[in-house]
Protein chains: 2
Amino acid sequence: VIALKDVHKVYGSGENAVRALAGVTLDLPRGGFTAVMGPSGSGKSTFLQCAAGLDRPTSGSVRLGGQELADLDETRLTELRRDRIGFVFQSFNLLPALTVAQNVELPLELAGRRPGPGAVTALLEHFGLRERAGHLPEQLSGGQQQRVAIARALITRPAVLFADEPTGALDSRTAREVLALLRDTSQQVGQTVVMVTHDPVAAAHAQQVLFLADGRFVGRLPHPTP
Amino acid sequence: VIALKDVHKVYGSGENAVRALAGVTLDLPRGGFTAVMGPSGSGKSTFLQCAAGLDRPTSGSVRLGGQELADLDETRLTELRRDRIGFVFQSFNLLPALTVAQNVELPLELAGRRPGPGAVTALLEHFGLRERAGHLPEQLSGGQQQRVAIARALITRPAVLFADEPTGALDSRTAREVLALLRDTSQQVGQTVVMVTHDPVAAAHAQQVLFLADGRFVGRLPHPTP
Ligand SMILES: Nc1ncnc2c1ncn2[C@@H]1O[C@H](COP(=O)(O)OP(=O)(O)OP(=O)(O)O)[C@@H](O)[C@H]1O
Ligand SMILES: Nc1ncnc2c1ncn2[C@@H]1O[C@H](COP(=O)(O)OP(=O)(O)OP(=O)(O)O)[C@@H](O)[C@H]1O
Ligand SMILES: [Mg+2]
Ligand SMILES: [Mg+2]
């Protein structure tokens with residue numbers, strides 16, 4: 001359902017050029033839970049952004065559900081992202097002027113869908129944040145904000161969920177609860193999950209681990225030991 | 001050098017009140033390297049902010065180097081923070097319009113000090129970021145931004161360094177390099193370091209680990225196993 005072919009991404013130009021992705025070719029089947037690991041600066045966030053259509057590669061092809069993203073104009077790309085993709089950013093990106101509940105509900109609003117009764121509350125309950133529904137992001141701890149960002153990415157039950165360091169700000173117990181939820185949701189609705197992580201505990205929840213170094217994939221570990 | 005006495009911090013009021021710190025009493029000697037661990041939402045960031053004079057407790061006393069912080073007006077508190085304290089924030093807080101080098105140099109500028117020749121470059125070199133000195137924060141990966149934030153906190157050789165999750169966005173190898181640097185700098189100049197972390201590898205670099213739960217300290221582990 002995700003197919004990248006010889007994807008390159010270069011930032012800047014001339015002697016200031018940074019080669020963030022240096023030839024990425026990858027096929028990920030529907031319903032899988034894949035972890036991506038690699039050193040700081042190796043291209044993980046860039047890979048996720050290109051795969052999710054949040055950024056355009058410098059060269060190469062990205063297909064999501066068979067659709068070549070380069071064939072979509074900005075409007076249609078925005079619709080595809082809104083309707084079919086969930087994204088957890090490395091720095092959360094919550095809207096500071098919206099409450100926790102409003103932040104979680106926003107993707108549904110943007111997609112013109114009505115939330116099922118109590119859907120937002122149920123998800124917040126799952127993350128231990130129900131009594132904070134009316135608070136603003138700045139009133140929450142780092143780990144609480146991260147959980148709101150994950151809830152927001154899950155509310156639309158997207159076909160593909162991309163998560164950039166979803167447990168980076170969480171203690172080990174909360175991290176395991178969140179990972180179990182990601183894996184269960186994924187199995188129940190056949191959602192494909194691609195998760196970038198530095199955390200071996202997080203990677204152990206995935207079906208396979210791919211290793212990125214200097215902008216290209218250099219290794220694969222099927223069935224990591226839990 | 002850091003002394004907290006029955007510190008309470010309550011956010012909001014009435015039925016919306018959140019008791020972030022519920023009676024913290026703590027004495028930390030000069031030159032020590034202390035790690036603070038605890039579940040998400042247990043009060044770690046709040047504790048750090050009160051100890052570093054970035055926030056005022058609701059009640060209780062905070063003394064830094066013998067100085068009762070409640071006796072200082074905002075101007076003198078700002079001077080004390082600027083001249084004697086380094087702080088690494090959980091969300092980095094780099095200035096988006098300044099380059100990496102300008103961000104690192106800023107605390108010296110604000111303190112009216114001249115950087116030693118090549119001091120900024122040497123520190124960036126240490127963090128593997130020398131060739132990015134002229135770039136803006138948004139051009140860096142998450143882990144690279146975190147390293148810039150740590151370099152910025154170290155440039156003034158502060159008497160006390162407070163670090164909130166300094167390795168959260170780093171892969172294990174980069175994390176270990178940064179922790180070794182924190183420990184070495186601390187030993188060489190007798191700097192006191194208080195580090196909040198979820199990462200057992202980070203905590204293992206400290207001389208003692210303190211455990212926070214529900215806004216109070218509940219345990220202590222001297223000499224964690226490396
Ligand atoms: N401005 C605020 N208004 C209301 N509540 C707040 C505010 N800032 C923090 N809190 C709450 O105080 C409690 C402690 O927050 P704190 O940020 O210190 O936790 P933490 O231990 O650093 O958590 P994490 O590991 O998730 O970063 C949390 O319940 C948090 O939601
Ligand atoms: N807008 C940009 N301009 C220039 N270089 C960039 C830009 N964005 C990212 N880079 C560079 O591209 C490389 C890959 O960045 P990326 O954010 O994908 O790394 P990462 O693997 O996610 O790292 P981390 O683990 O630290 O988050 C890095 O060297 C980074 O500095
Ligand atoms: Mg990243
Ligand atoms: Mg925190």
Side-chain angles (χ1 to χ4, degrees), chain A residues 11-12 15-18 20 37-49 89-94 127-129 131-132 134-148 164-165 167-175 177-178 196-201 203 211-213 215, chain B residues 11-12 15-18 20 37-49 89-94 127-129 131-132 134-148 164-165 167-175 177-178 196-201 203 211-213 215:
Chain A
Y11 292 110
E15 57 166 55
N16 255 330
V18 177
M37 300 187 87
S40 175
S42 55
K44 302 180 298 298
S45 296
T46 303
F47 157 69
L48 230 57
Q49 287 159 20
F89 291 90
Q90 193 168 4
S91 53
F92 317 159
N93 286 31
L94 298 176
F127 284 98
L129 289 171
E131 63 276 3
R132 310 305 296 271
H135 285 200
L136 296 174
E138 62 156 14
Q139 292 174 301
L140 267 56
S141 77
Q144 291 165 341
Q145 291 182 36
Q146 191 165 45
R147 279 176 270 159
V148 173
D164 199 343
E165 313 271 359
T167 61
L170 303 178
D171 61 271
S172 44
R173 199 188 85 182
T174 315
E177 290 169 6
V178 164
V196 157
T197 184
H198 288 304
D199 179 6
V201 168
F211 296 91
L212 198 65
Chain B
Y11 291 110
E15 55 166 56
N16 254 331
V18 178
M37 301 187 86
S40 175
S42 55
K44 303 179 298 298
S45 297
T46 303
F47 158 69
L48 231 57
Q49 286 158 21
F89 292 89
Q90 194 169 2
S91 54
F92 318 158
N93 285 31
L94 298 175
F127 284 98
L129 289 171
E131 64 276 2
R132 311 304 296 271
H135 284 200
L136 297 174
E138 62 155 14
Q139 292 176 300
L140 269 55
S141 78
Q144 290 165 341
Q145 292 182 37
Q146 191 165 45
R147 279 176 270 157
V148 174
D164 199 343
E165 312 271 359
T167 61
L170 303 178
D171 61 271
S172 43
R173 200 188 84 182
T174 315
E177 290 169 5
V178 164
V196 156
T197 184
H198 288 305
D199 180 6
V201 168
F211 296 91
L212 197 65

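Note on naming: letters A, B, ... go to the chains in the order of the sequence lines (proteins, then strands), and numbering restarts at 1 for each one. Worth knowing before you read on, the calculation uses all heavy atoms, side chains too, and leaves out hydrogens, waters and symmetry mates. Here the structure is a predicted model, which means the values were calculated and not measured.
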Checklist line | Audit row: Arg147(A), Ser40(B), side chain to side chain contact (heavy atoms under 4.5 Å, CB included) steps and yes/no | finding: CA-CA 10 Å; Arg147(A) 279 176 270 159; Ser40(B) 175; 2.7 Å; yes
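- Considering only heavy atoms from C-beta on, Val18(A) comes within 4.5 Å of His135(B) through its side chain.
- In this structure, OG in Ser91(A) is found 11.5 Å from CD in Glu138(B), a value given to the nearest 0.5 Å.
- Residues that satisfy the side-chain hydrogen bond (donor to acceptor under 3.5 Å, both in side chains) test with Ser45(A), not counting sequence neighbours, are Gln90(A), Asp164(A).
- The residue from Leu170(A), Asp171(A), Asp199(A), Thr174(A) that alone fulfils the side-chain contact (heavy atoms from CB on, under 4.5 Å) condition with His198(B) is Asp171(A).
- Using a 4.5 Å cut-off between heavy atoms, Ser141(A) contacts chain B through its side chain alone, with no backbone atom that close.
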